[in-house]
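Numbered from 1 within each chain, the chains take letters A, B, ... in sequence-line order.
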Amino acid sequence: MKLFNTLTRTKDEFKTIEPGKVKMYACGPTVYNYFHLGNARPFVTFDTLRRYLEYRGYEVEFCQNFTDIDDKMIKRANEEGVTVKDIAERYIKEYYVDADGLNCKRPTYQPRATESIGAIIGIVKALYDQGIAYVIEGDGVYYDVTKKEDYGKLSHYNLDELNAGGGERKASYEGKKNPGDFAIWKFKKEGEPSWNSPWGEGRPGWHIECSAMIKKHLGNTIDIHGGGQDLIFPHHENEIAQSESANGCTLANYWVHNAFVNVDGEKMSKSLGNFFTIRDIVKHFPYEVIRFFILSGHYRMPINFSDELLKASQTGLQRIATCAANLKFNIESDAYNGDDASASEAVKAAAQEAHDSFVAHMDDDLNTADAITDIYTLVKAANTAIDNKASKEALQVALDMLNEITGVLGIVLKVEEDIPAEITELVEQRAAAKKAKDFAEADRIRDLITSKGYSVKDTPNGPQVEKL
RNA sequence: GGUGCCAUAGCCAAGCGGUAAGGCCAAGGUCUGCAAAACCUUUAUUCCCCGGUUCAAAUCCGGGUGGCACCUCCA
């Protein structure tokens with residue numbers, strides 16, 4: 001498999017540290033609010049990467065954190081007059097509602113910053129003892145970026161460029177040895193949660209928690225580290241600096257970053273205020289459509305958010321789901337008696353081709369856009385197979401493959417539920433009316449069935465009922 | 001100012017040296033009592049513009065134009 005590595009800016013052949021095992025880490029949410037579509041993109045992307053690696057036979061240890069202590073958390077808690085912990089508990093719970101809805105598998109480890117203080121202090125201490133970090137009185141413990149000769153290797157920035165930049169860093173220069181130095185431990189301010197440390201009461205800086213959690217749960221060097229592109233600098237760059245200085249070895253071999261979700265061509269973000277939470281979107285489109293939409297473009301390309309685009313994804317996904325339902329219906333139908341040998345062969349070959357092409361596309365830097373094309377190709381072959389009377393066994397092969405590859409993408413095809421006896425009776429009554437050519441009555445019953453939440457369609461193999 | 005990314009049909013989107021995938025929408029057809037679903041056909045002589053390299057370029061190089069992102073909390 002090839003993965004685009006931000007470190008090298010090329011698609012590199014993926015090789016694990018340990019054969020058959022992958023250790024990966026992705027930056028998780030700061031739990032002070034519901035998350036929005038832009039936040040959802042990395043969750044879905046790295047869940048898909050994880051699922052694919054597992055599909056390819058790797059044993060994956062996947063760690064994704066909860067940032068449950070930072071400025072925004074404190075602000076939110078103060079606004080509501082509750083504790084930071086209350087906010088965290090609430091939005092971690094809400095996170096799971098949406099993340100589970102989007103069918104993101106639970107990571108192997110989901111540590112919280114506040115439960116990793118010991119590990120965090122361990123890294124701060126290692127840096128301080130080496131003289132890489134220094135104290136600014138009344139402020140915090142800072143990392144000296146000039147102490148790392150390859151600082152900037154991820155973002156490909158060098159310190160001179162950064163210093164020359166028009167950023168805000170200059171404004172907060174006082175006390176720092178260099179504009180790029182960053183806090184790894186912040187001293188306590190009145191009314192803020194704090195923990196004891198060798199430098200006094202305080203709380204962790206932003207970047208340090210990830211370094212600590214990676215070390216604690218996965219080790220000093222991991223295979224893959226992921227996150228959104230906006231985290232490349234300064235967050236990931238600083239994580240690298242801290243971890244590598246403290247541990248004396250490489251933090252991660254592959255750095256994978258997803259592009260943004262845009263609204264009218266601009267990045268969806270909390271600061272711009274142009275965001276849509278998953279909780280809101282799901283009022284209009286089901287979770288599986290949102291996931292399918294995210295995967296319909298390559299993860300390194302921006303995707304634009306709009307109602308129209310979601311609608312198109314919904315229609316497309318519907319077609320795939322309908323295909324699965326049609327296959328299942330015919331396989332289970334007594335009236336379907338397919339026996340055409342060439343049709344059977346054709347669809348079985350199509351299933352195999354879809355599989356091979358799917359793997360090739362996913363191997364190429366997780367090209368889910370092309371992988372979805374393979375699904376459509378299989379759908380068309382399967383639909384044709386039904387028309388051409390392929391055997392039930394062949395249809396089952398197609399259905400199994402369809403479930404297999406959509407499953408790797410975490411795309412849920414709505415499963416047909418058991419039809420209540422009441423509905424089945426109505427369907428029979430309608431069939432009788434149709435046989436008697438009483439179409440008015442047949443249509444009346446169909447409307448009745450529809451009003452009860454089911455659809456009935458007439459196929460050459462009898463009526464097919466589905467829950468709407 | 002520095003550093004990157006992007007520009008392909010009405011919309012979305014792959015392809016990244018070998019002669020334009022796929023999806024949505026639209027039109028016509030087949031099937032059907034009508035629907036629904038499905039299938040078939042049609043929809044870019046052409047990939048922002050100008051040069052160059054090559055037998056061959058949407059794909060590589062140079063120069064434009066337009067858009068976005070990062071350098072500051074941010075997925």
TODO: Verify the distance criterion only: is there a donor paired with an acceptor across the side chains of His36(A) and Thr277(A) at less than 3.5 Å?
DONE: no
Task: Interatomic distance where CZ belongs to Arg300(A) and C1' belongs to G4(B) [whole Å] - done: 12 Å
- [ ] For the side chain of Thr315(A), starting at C-beta, report the closest nucleotide among C73(B), C25(B), A35(B).
- [x] C25(B)
TODO: Sticking with atom P, work out how far A38(B) lies from C25(B), rounded to a whole angstrom.
DONE: 10 Å
Task: Residue among Asn262(A), Asn274(A), Ile281(A) satisfying side chain to side chain contact (heavy atoms under 4.5 Å, CB included) with Phe305(A) - done: Ile281(A)
TODO: Using a 4.0 Å heavy-atom cut-off across all strands, classify Asn258(A) as base, sugar-phosphate, or nothing.
DONE: base
Task: Listed nucleotide nearest any side-chain atom of Arg41(A), set A38(B), A75(B), A37(B) - done: A75(B)
TODO: Name the pairing partner of A58(B), where a pair is Watson-Crick or G-U wobble with both distances under 3.5 Å, or state none.
DONE: none
Open item on the list: Assess, by modelled atom type and distance only, whether the side chains of Asp340(A) and Ser342(A) contain a donor and an acceptor separated by less than 3.5 Å.
Closed with: yes
- [ ] Name the closest nucleotide to the Lys457(A) side chain, picking from C11(B), A37(B), C70(B).
- [x] A37(B)
Open item on the list: Quick one about Thr10(A) and Asp12(A) (side-chain donor to acceptor, distance below 3.5 Å, no hydrogens or angles considered), yes or no?
Closed with: yes
Open item on the list: Suppose you measure atom P in U42(B) against the same atom in C70(B); what distance do you get, rounded to whole Å?
Closed with: 44 Å
Open item on the list: For Leu309(A) and Ser269(A), find the nucleotide of RNA chain B closest to each by heavy atoms; which residue's nucleotide sits nearer the 5' end?
Closed with: Leu309(A)
TODO: With heavy atoms under 4.0 Å as the rule, sort Tyr376(A) into base, sugar-phosphate or nothing.
DONE: sugar-phosphate
TODO: Could you tell me which nucleotide pairs with C31(B) by Watson-Crick or G-U wobble geometry, both distances under 3.5 Å, or answer none if nothing does?
DONE: none
- [ ] Could you tell me whether the phosphate oxygens of A35(B), OP1 or OP2, come under 4.0 Å of any side-chain nitrogen or oxygen in Arg446(A)?
- [x] no
Open item on the list: Let's test this: given Watson-Crick or G-U wobble pairing with both distances under 3.5 Å, identify the partner of U3(B).
Closed with: A69(B)
- [ ] Looking only at side-chain atoms of Lys270(A), point me to the closest of U3(B), A75(B), A21(B).
- [x] A75(B)
Open item on the list: If you compare every side-chain N and O of Asn39(A) against the phosphate oxygens of A75(B) (OP1, OP2), does one of them come in below 4.0 Å?
Closed with: yes
- [ ] Between Lys437(A) and Lys311(A), name the one whose nearest nucleotide on RNA chain B is closer to the 5' end.
- [x] Lys311(A)
Open item on the list: Taking any heavy-atom pair under 4.0 Å as a contact, classify Ala259(A): base, sugar-phosphate, or nothing.
Closed with: base
TODO: Confirm from the modelled atom types if Arg430(A) and G33(B) form a donor-acceptor pair under 3.5 Å, side chain to base only.
DONE: yes
Open item on the list: Atom CG of residue position Asp264(A) - does it have more than 12 heavy atoms of other residues, nucleotides or ligands inside 6.0 Å?
Closed with: no
Task: Tyr157(A), nearest nucleotide to its side chain (from C39(B), A13(B), G2(B)) - done: G2(B)
Open item on the list: Can you measure Asn33(A) atom CG to C73(B) atom P for me and round it to whole angstrom units?
Closed with: 19 Å
TODO: Over 60° means perpendicular and under 30° means parallel, so classify the ring planes of Trp255(A) and His236(A), tilted if in between.
DONE: tilted
Task: Spacing of Phe439(A) atom CZ relative to U32(B) atom P, expressed in whole Å - done: 12 Å
Task: C1' spacing across the pair U59(B) / C16(B), given as an integer number of angstrom - done: 4 Å
Open item on the list: Just to be sure I understand the rule, does His36(A) reach a base, reach only the sugar-phosphate, or reach nothing, if contact means heavy atoms closer than 4.0 Å?
Closed with: base
- [ ] Pick the C1' atom in A21(B) and in A36(B), then give their distance to the nearest Å.
- [x] 29 Å
TODO: Among G22(B), A75(B), A14(B), find the nucleotide with the atom closest to the side chain of Asp370(A).
DONE: A14(B)
- [ ] Round to a whole Å and report the spacing from CD1 of Ile232(A) to P of U72(B).
- [x] 14 Å
Open item on the list: Within the structure provided, determine whether Asp280(A) and Tyr34(A) are in side-chain contact (heavy-atom separation under 4.5 Å).
Closed with: no
Open item on the list: Can you classify the ring geometry of Tyr95(A) versus Phe35(A) as parallel (below 30°), tilted (30 to 60°) or perpendicular (above 60°)?
Closed with: tilted
Open item on the list: Taking donor-acceptor contacts at under 3.5 Å, does the side chain of Asp458(A) reach the base of C34(B)?
Closed with: yes
- [ ] From the options A75(B), U3(B), A14(B), select the nucleotide whose nearest atom is closest to the side chain of Arg9(A).
- [x] U3(B)
Open item on the list: Please determine whether a side-chain nitrogen or oxygen atom of Asn383(A) lies at a distance below 4.0 Å from atom OP1 or OP2 of C39(B).
Closed with: yes
Open item on the list: Classify Gly38(A) by what it touches in the nucleic acid, base, sugar-phosphate, or nothing, heavy-atom distance under 4.0 Å.
Closed with: base
Task: C1'-based separation of A44(B) from U8(B) [nearest Å] - done: 8 Å
- [ ] Kindly point out which of A13(B), C68(B), C39(B) is positioned nearest to the side chain of Glu266(A)?
- [x] C68(B)
Task: Separation between the C1' atoms of A56(B) and A7(B), rounded to whole Å - done: 24 Å
Open item on the list: Suppose you measure atom P in A37(B) against the same atom in A27(B); what distance do you get, rounded to whole Å?
Closed with: 15 Å
- [ ] Can you tell me the distance, in whole Å, between the CG atom of Asn304(A) and the P atom of C24(B)?
- [x] 20 Å
Open item on the list: Between the base of G33(B) and the side chain of Asp443(A), is there a donor and acceptor pair under 3.5 angstrom?
Closed with: yes
TODO: For Lys434(A) and A36(B), give me the distance from atom NZ to atom C1', rounded to whole Å.
DONE: 11 Å
- [ ] Would you classify Met268(A) as touching base, sugar-phosphate or nothing, given that sugar-phosphate means primed atoms plus P, OP1 and OP2, and contacts are heavy atoms under 4.0 Å?
- [x] base
Task: Lys380(A) vs C40(B): side-chain N/O to OP1/OP2 distance below 4.0 Å - done: yes
Open item on the list: Please report the distance, rounded to the nearest Å, between NZ in Lys186(A) and C1' in C73(B).
Closed with: 9 Å
Task: Under-4.0 Å side-chain N/O to phosphate OP1/OP2 contact, Asn262(A) with G67(B) - done: no
TODO: Would you indicate, yes or no, if C70(B) has its OP1 or OP2 atom less than 4.0 angstrom from a side-chain nitrogen or oxygen of Lys267(A)?
DONE: yes
TODO: Determine which nucleotide pairs with G17(B), using a 3.5 Å limit on both distances of a Watson-Crick or G-U wobble pair.
DONE: none
TODO: Scan side-chain atoms only and decide if Asn178(A) and Asp181(A) contain a donor-acceptor pair under the 3.5 Å cut-off.
DONE: yes
Open item on the list: Distance check needed: U72(B) P versus Leu272(A) CG, whole Å only.
Closed with: 16 Å
Task: Between G63(B) and A69(B) - C1' atom distance, rounded Å - done: 23 Å
Open item on the list: Under 3.5 Å for both donor-acceptor distances, Watson-Crick or wobble: does A26(B) have a partner, and if so which one?
Closed with: U42(B)
